[in-house]
Amino acid sequence: MDKTMSIMEVSETLQIPKDTLRYYDRLSLVSPQRGENQYRYYTQGDMHDLQYIEVMKYAEFSLKEIEKILLNKQGCTEENLKDTMQLLENKQHELKKKIELYHHIMGLITDAMDMLYEKKPSTESEKLNQMISNIFNEIRGK
């Protein structure tokens, strides 16, 4: 039998609150083994799933979307595979747009820092104002 970890050990190792681990169990995102004492015992596979969940949450996937993706690990149907691929493609597109937007914001920050550092006149702020307007419109989808 693989080495298992208690909920306390998993919480400390992965820095995920115990309440969150219990919640994931209730949602069946991760279903740790239960001992005779009904305590949860997590396998290495469970640990990988928990890390995956946290990474996907950071990428702004909802728990419902993560659940759909994790279903493929348990054996996927043609329909689930198609839905999951569409979900992943959509998220990839969203993330690419955000990365591009963050690059624009980084440019704005760099220009603002340069302006402050070089103590440029306020006439230069018109360039920053235009950059802000462009980024704002991009965020709003205009």
Any side-chain heavy-atom pair from [X] and [Y] closer than 4.5 angstrom?
| X | Y | answer |
| --- | --- | --- |
| Leu21 | Tyr42 | yes |
| Gln44 | Lys3 | no |
| Val10 | Lys18 | no |
| Leu63 | Lys57 | yes |

Say whether [X] and [Y] are linked into one hydrophobic cluster, either directly or through other cluster members, by side-chain heavy-atom distances under 4.5 angstrom.
| X | Y | value |
| --- | --- | --- |
| Tyr23 | Val55 | no |
| Phe61 | Ile53 | yes |
| Met8 | Ile16 | no |
| Met115 | Ile109 | yes |
| Leu14 | Met56 | yes |

Looking only at heavy atoms, what is the nearest atom pair of [X] and [Y], with distance?
| X | Y | answer |
| --- | --- | --- |
| Leu70 | Leu29 | CD1-O, 3.7 Å |
| Leu27 | Glu67 | O-OE2, 3.9 Å |
| Glu54 | Tyr24 | OE2-OH, 2.6 Å |
| His104 | Ile135 | O-CD1, 3.6 Å |
| Met131 | Asp111 | SD-OD2, 3.3 Å |
| Tyr41 | Pro32 | O-CB, 3.4 Å |

Test: [X] and [Y] ion pair at under 4.0 Å:
| X | Y | answer |
| --- | --- | --- |
| Arg26 | Asp19 | no |
| Lys97 | Glu138 | no |
| Lys68 | Glu65 | no |

* Might you work through the salt bridge (Lys or Arg N to Asp or Glu O under 4.0 Å) test for Lys91 and Glu60, ending with a clear yes or no? => CA-CA 9 Å; Lys91 189 60 71 171; Glu60 299 181 6; 5.6 Å; no
[X] side, atom [atom1]; [Y] side, atom [atom2] - distance, nearest 0.5 Å:
| X | Y | atom1 | atom2 | value |
| --- | --- | --- | --- | --- |
| Met5 | Thr13 | CE | OG1 | 3.5 Å |
| Asp83 | Met85 | CG | CE | 11.5 Å |
| Met47 | Leu50 | CE | CG | 7.0 Å |
| Asn134 | Leu108 | CG | CG | 10.0 Å |
| Asp46 | Asp25 | CG | CG | 9.0 Å |
| Lys64 | Ile69 | NZ | CD1 | 13.5 Å |

* If only atom types and distance count, is the side chain of Glu12 paired as donor or acceptor with the main-chain N or O of Glu9 below 3.5 Å? ->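 Judged by distance alone, no pair lies under 3.5 Å.
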* To do: Kindly check if the number of other-residue, nucleotide or ligand heavy atoms within 6.0 Å of CD (Glu36) is above 12?
  =>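 12 or below, so no.
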* Check the side chains of Gln86 and Asn90 for a donor-acceptor pair under 3.5 angstrom, ignoring hydrogens and angles. =>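 Yes, Gln86 and Asn90 have a side-chain donor paired with an acceptor closer than 3.5 Å.
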